[in-house]
Number of protein chains: 2
Amino acid sequence: MAREIPDATVARLPIYRRSLVELASTGAEMVSSAALADLAGVNAAKVRKDLSYLGTYGVRGVGYDVKFLLRQIGDALGLDIETPVVIVGMGNLGQALAHYGGFSSRGFPIVALVDASEAKVGQVVDGIAISHIDDLDTIVKEHAIAVGIIATPAEAAQIVADALVAAGVRSILSFAPSVLHVPETVPLRKVDLATELQILGYYQQRESPAEGGNTDKSA
Amino acid sequence: MAREIPDATVARLPIYRRSLVELASTGAEMVSSAALADLAGVNAAKVRKDLSYLGTYGVRGVGYDVKFLLRQIGDALGLDIETPVVIVGMGNLGQALAHYGGFSSRGFPIVALVDASEAKVGQVVDGIAISHIDDLDTIVKEHAIAVGIIATPAEAAQIVADALVAAGVRSILSFAPSVLHVPETVPLRKVDLATELQILGYYQQRESPAEGGNTDKSA
DNA sequence: GTGAGCTTGTGCGTTCGTGCACAAGCGGTA
DNA sequence: TACCGCTTGTGCACGAACGCACAAGCTCAC
Ligand SMILES: NC(=O)c1ccc[n+]([C@@H]2O[C@H](COP(=O)([O-])OP(=O)(O)OC[C@H]3O[C@@H](n4cnc5c(N)ncnc54)[C@H](O)[C@@H]3O)[C@@H](O)[C@H]2O)c1
Ligand SMILES: NC(=O)c1ccc[n+]([C@@H]2O[C@H](COP(=O)([O-])OP(=O)(O)OC[C@H]3O[C@@H](n4cnc5c(N)ncnc54)[C@H](O)[C@@H]3O)[C@@H](O)[C@H]2O)c1
């Protein structure tokens with residue numbers, strides 16, 4: 001329905017959104033592409049082109065309506081409805097994620113926590129009791145969970161990913177440092193902290209400039 | 001000295017490295033670009049082209065020497081020497097990062113922890129006492145710290161980034177959801193979990209496939 | 001020594017992203 | 001009503017990345 005939005009643009013929309021939320025809180029009603037570009041740390045022309053994919057709602061000579069733009073971006077990203085999330089693997093990282101409020105406040109409430117360790121099952125973290133991985137299927141269906149976050153060791157990541165897909169999760173975010181295979185229909189994104197550090201290592205060593213957000217690409 | 005390596009390639013080197021470490025542990029001596037491509041989840045031609053930037057050390061008809069390749073990649077990424085890291089902001093995320101062993105084992109030992117809260121200063125996490133942010137300068141110089149990890153709230157991120165740069169840190173990894181400005185000479189990478197979820201939201205909503213590692217770009 | 005069978009290294013066409021630069025268009029002013 | 005200044009929307013050209021496809025080159029067998 002909505003027209004096709006380029007990957008690079010999609011990756012920037014959340015940044016624009018964050019900047020706009022900030023702007024809105026200061027009472028600003030309108031914003032120019034130049035001002036937004038400044039806040040988001042990108043080129044003004046890029047901002048205009050990106051926004052043009054959402055439909056052309058700017059007013060020449062004036063700029064964009066902040067509130068309206070926020071709604072447009074929210075719609076494009078599917079933030080108009082809440083997307084329930086399950087975290088699998090309640091170790092160091094899983095616990096930190098569970099405690100973090102930034103997900104719920106951005107439309108991704110964490111509704112279930114899962115682990116394989118008997119010692120962890122039953123523990124309550126941030127108001128949610130940890131369930132056993134064997135019950136994943138039931139849990140996902142019960143809460144209509146759409147997103148699975150993998151925070152298990154790398155060895156377990158593929159098994160967990162398979163289980164999530166089988167249970168009906170529609171997209172996956174993985175923190176495990178391993179290559180995962182999922183069906184084409186399930187969007188998968190990876191965050192690998194050690195990899196990030198190694199990339200920094202290269203640029204640092206070469207003493208060459210290389211600032212960069214972590215935009216995505218690939219098929 | 002080493003020839004210029006494209007950004008996209010640099011971002012993949014750590015993945016190759018991980019796959020090679022795995023291979024080496026199984027006793028494999030040689031590996032073909034096709035096999036490595038399979039492990040890393042990329043195209044075989046891309047593997048060959050990527051590796052060719054490191055110099056041309058493959059043997060036609062045979063493949064690449066696993067151990068030698070590991071050394072080559074390690075050198076390119078600057079992993080031949082240990083790179084000390086400081087974590088700033090010891091809340092949920094900072095604590096999880098401090099407990100994580102994956103950094104030290106990959107050449108990035110965490111040698112200092114810093115926070116602004118009096119309540120946290122002095123606490124010992126994973127064998128390291130938390131220091132006060134005011135002492136950052138001294139700490140960085142004392143330990144010859146090269147990388148700063150920012151795990152503070154977004155509001156404090158820019159101040160912390162400035163302090164890190166002033167103290168002499170050479171590159172920065174930030175988890176704060178905010179746009180940071182640093183000198184061109186300081187490589188900066190951002191990891192924003194909420195943004196990742198929002199990006200997933202888009203593809204999920206469109207039910208279109210969009211797997212992807214998080215490769216970087218930008219000037 | 002010669003040939004068969006692999007695997008590397010890379011040239012080339014294609015696609016995607018970027019940002020400059022400018023015409024189109026809106027609002028306010030005289 | 002006519003004009004001026006500002007901002008959007010986009011055509012265009014450049015560059016980066018990708019992956020196919022093939023020649024070059026190595027090893028082994030006979
Ligand atoms: N902690 C960090 O800061 C950090 C940083 C970078 C990457 N990571 C990665 O994130 C992942 C988790 O890290 P961590 O430090 O939290 O590890 P952890 O060992 O503390 O926790 C892992 C948890 O996963 C659970 N688990 C194991 N197998 C499981 C399975 N099959 N199903 C469900 N749960 C299972 C374990 O019981 C444990 O509670 C790892 O892949 C790690 O490499 C963590
Ligand atoms: N916890 C998560 O799972 C998670 C997930 C995504 C993003 N983040 C981001 O990571 C950052 C940290 O998250 P958190 O959950 O750990 O927050 P937190 O509130 O638990 O911890 C923040 C810590 O930073 C310290 N701090 C504040 N100002 C400081 C300053 N000027 N100098 C040094 N230290 C300072 C605080 O004392 C506190 O200990 C936030 O920006 C958050 O948005 C966290």
Side-chain angles (χ1 to χ4, degrees), chain A residues 3-13 15-16 23 28-66 68-69 72 199 203 208-219, chain B residues 3-13 15-16 20 23 28-66 68-69 72 199 208-219:
Chain A
R3 85 182 76 180
E4 180 91 352
I5 302 179
D7 290 353
T9 294
V10 171
R12 279 188 296 268
L13 289 180
I15 317 284
Y16 297 148
L23 262 180
E29 306 251 317
M30 301 296 286
V31 62
S32 71
S33 61
L36 183 52
D38 210 46
L39 281 172
V42 300
N43 180 285
K46 208 182 321 197
V47 169
R48 290 198 294 275
K49 200 165 286 185
D50 284 345
L51 296 183
S52 76
Y53 290 112
L54 306 179
T56 156
Y57 294 114
V59 181
R60 289 164 194 243
V62 178
Y64 300 86
D65 182 288
V66 174
F68 187 76
L69 203 50
Q72 293 300 313
I199 294 173
Y203 291 109
S208 75
E211 165 152 1
N214 301 8
T215 308
D216 197 307
K217 278 167 305 177
S218 83
Chain B
R3 82 183 78 177
E4 181 89 354
I5 302 179
D7 289 354
T9 294
V10 171
R12 279 188 296 269
L13 289 181
I15 318 283
Y16 296 148
L20 287 169
L23 262 180
E29 306 252 316
M30 301 296 286
V31 62
S32 72
S33 62
L36 184 51
D38 210 47
L39 281 173
V42 300
N43 180 288
K46 207 181 326 195
V47 169
R48 289 197 296 275
K49 200 166 286 185
D50 284 345
L51 296 184
S52 77
Y53 290 113
L54 305 180
T56 155
Y57 295 115
V59 181
R60 292 165 192 240
V62 178
Y64 300 86
D65 182 289
V66 174
F68 187 75
L69 203 48
Q72 292 301 313
I199 295 173
S208 74
E211 164 151 2
N214 300 12
T215 309
D216 197 308
K217 276 166 306 178
S218 84

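Note on naming: letters A, B, ... go to the chains in the order of the sequence lines (proteins, then strands), and numbering restarts at 1 for each one. Everything numeric in this text was worked out from a predicted model, so none of it was measured. Note that these values count all heavy atoms, side chains included, but never hydrogens, waters or copies made by symmetry.
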Open item on the list: Show, in sequence, the C-alpha distance, side-chain angles and deciding distance for A:V66 and A:M30, and conclude whether the side chain to side chain contact (heavy atoms under 4.5 Å, CB included) test is met.
Closed with: CA-CA 5 Å; A:V66 174; A:M30 301 296 286; 5.6 Å; no

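- Distance CD (B:E4) to C1' (D:dA16): 12 Å, rounded to an integer number of Å.
- The shortest heavy-atom contact between A:N43 and A:A45 is OD1-N, 2.7 Å.
- Contact between the side-chain N/O atoms of A:R12 and the OP1/OP2 oxygens of C:dT18 is found at a separation under 4.0 Å.
- Residue A:R12 comes nearest to A:D50 through the heavy atom pair NE-OD2, 2.6 Å, listed as atom of the first residue, atom of the second, then distance.
- Between B:Y16 and B:V42 the shortest side-chain heavy-atom distance falls below 4.5 Å.
- Ring to ring, A:Y57 and A:Y64 are not that close: their centroids are 6.0 angstrom or more apart.
- Considering only side-chain N and O atoms, B:K46 lies under 4.0 angstrom from the phosphate OP1 or OP2 of D:dG19.
- The nearest whole Å value for the distance from the CG atom in B:L51 to the P atom in C:dT8 is 9 Å.
- The distance between atom CE of B:M30 and atom C1' of C:dT8, rounded to the nearest whole Å, is 11 Å.
- Counting heavy atoms from C-beta outward, A:D65 and A:E29 have side chains that stay 4.5 Å or more apart.
- Atom CG of A:L54 is separated from atom P of D:dG9 by 10 Å (rounded to the nearest Å).
- For the pair B:D50 CG and C:dT8 P, the interatomic distance rounds to 13 Å; values are reported in whole Å.
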- [ ] Test side chain to side chain contact (heavy atoms under 4.5 Å, CB included) on B:V10 and A:Y203 and set out the steps.
- [x] CA-CA 9 Å; B:V10 171; A:Y203 291 109; 4.0 Å; yes

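- Counting all heavy atoms, side chain and backbone alike, A:A34 lies closest to A:A44 at CA-CB, 4.0 Å.
- Atom CD1 of B:I5 and atom P of D:dA17 are 12 Å apart (whole Å).
- Listed by residue number, A:S33 are the residues of residues 33-44 of chain A with a heavy-atom contact under 4.0 Å to DNA chain D.
- Only A:G58, A:V59, A:R60, A:G61, A:V62, A:G63, A:Y64, listed by number, bring a heavy atom of residues 58-66 of chain A to less than 4.0 angstrom from any atom of DNA chain D.
- When the C1' atom of C:dT8 is taken as reference, atom CD of B:Q72 falls 16 Å away, rounded to whole Å.
- Judged by distance alone with a 3.5 Å cut-off, no donor-acceptor contact links the side chain of A:K49 to the base of C:dG17.
- Comparing atom distances between the A:R48 side chain and each of C:dC22, D:dA21, C:dT18 picks out C:dC22 as nearest.
- Here D:dT10 is the nucleotide among D:dT8, C:dT10, D:dT10 with the atom lying nearest to any side-chain atom of A:S52.
- To the nearest 0.5 Å, atoms CG (A:L51) and NZ (A:K46) are separated by 13.0 Å.
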